[in-house]
Amino acid sequence: MSFQLEVLPHRDWADSIADLWAERLSDSPGLTMCLATGSTPKPVYRAIAGHADLSGTKVFLLDEFGLEPGDPARCDVMLGDMLLSRLEVPPALEKLNPQAANLDAECDRYSQAIARDGLSLVILGLGTNGHLGLNEPGSGYDSTTRVVALADETMAGLSSYGTTSTTSWGMTIGLAEILSSDEAWLLVSGEHKAQILRQTLIGPVDPSVPASFLRMHSNVIVWVDEAASSQLV
Ligand code: PGA
């Protein structure tokens, strides 16, 4: 139970993450990754698109909202804008389909694909309520890919992704699948994440802060900018 904490000035934060990511890609050009969307990884994805080849990799999208295809808050749309459209040759992409006729079967399909391929590197953001993906407070460390009800904070945050739509549900990879990865990176930036980061790293390992379960993983890097680190001392 340990993690490596990297606290960086905001101006270096994204480039430092992208540099190590580029090293991982150069060591393993066929890396299988699971990627978050949202606001946090945006500068990191911009940076990696500029200097690494992802053409031989496979990407599992971490989660998806129960929104119509093409909605700006859809995770697949965000990943397209932030990363895929910036690459000459995109990776192979696996994603959850919230329009599937049988959502439980769709989650099982995804879970099985993850079990088959394995996740070498998972890149995560941190919700202000401590969620990882859409593993909202109350999620167990043994949870797998499933349909979930969104927490109020998550629903309220949807508009920050440029949508006027709303939804009360989503689909997410579970904490068990995140914990099964070879390596996980938690990306945290901004003063508004300082309190929940403290709870994640220093509070109890507990379903009330699902991100705290990352402390059960043996290979985690927590990438923090100075503002987000302000409550760690
Ligand atoms: P954000 O979201 O990067 O948009 O702050 C993180 C999350 O909710 O996981």
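Every number for a ligand or one of its atoms is a count from 1 in the order of the listing. If you read the sequence from its start, that first residue is 1, and numbering goes on from there.
Close approach of ligand 1 to Gly38 is summarised as follows: ligand atoms under 4.0 Å from at least one heavy atom of the residue are 3 (O), 4 (O). The ligand atoms of ligand 1 that sit less than 4.0 angstrom from a heavy atom of His131 are 7 (C), 8 (O), 9 (O). Contact atoms of ligand 1 toward Ser39: 1 (P), 3 (O), 4 (O) (distance under 4.0 Å to a heavy atom of the residue).
Aromatic ring orientation, Phe60 versus Tyr110: perpendicular (interplanar angle above 60°, classes split at 30° and 60°).
Contact analysis puts Lys193 in contact with ligand 1, with a non-hydrogen atom separation below 4.0 angstrom.
Ranking the protein heavy atoms by distance from atom 2 (O) of ligand 1 puts Tyr161 OH, 3.3 Å first. Among protein heavy atoms, the minimum distance from atom 6 (C) of ligand 1 is reached at Leu126 O, 3.6 Å. Scanning all protein heavy atoms for the shortest distance to atom 3 (O) of ligand 1 gives Thr40 OG1, 2.4 Å.
If you check the side chains of Ser139 and Arg146, you find a donor sitting under 3.5 Å from an acceptor. Looking only at atom types and distance, the side chain of Thr154 has a donor-acceptor partner in the side chain of His131 under 3.5 Å away.
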Which donor-acceptor pairs under 3.5 Å do side chains of residues 76-95 form with protein atoms, sequence neighbours excluded?
residue : atom : partner : partner atom : Å
Asp76   : OD1  : Arg74   : NE           : 3.2
Asp76   : OD2  : Arg74   : NH2          : 3.1
Asp76   : OD2  : Lys95   : NZ           : 2.9
Ser85   : OG   : Gly80   : O            : 2.8
Ser85   : OG   : Asp81   : O            : 3.4
Arg86   : NE   : Asp81   : O            : 3.1
Arg86   : NE   : Met82   : O            : 3.2
Glu94   : OE1  : Arg109  : NH1          : 3.4
Glu94   : OE2  : Lys58   : NZ           : 3.4

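Not one N or O on the side chain of Asn135 forms a donor-acceptor pair closer than 3.5 Å with the backbone of Pro210.
Between Trp223 and Trp13, the ring center distance fails the sub-6.0 Å criterion.
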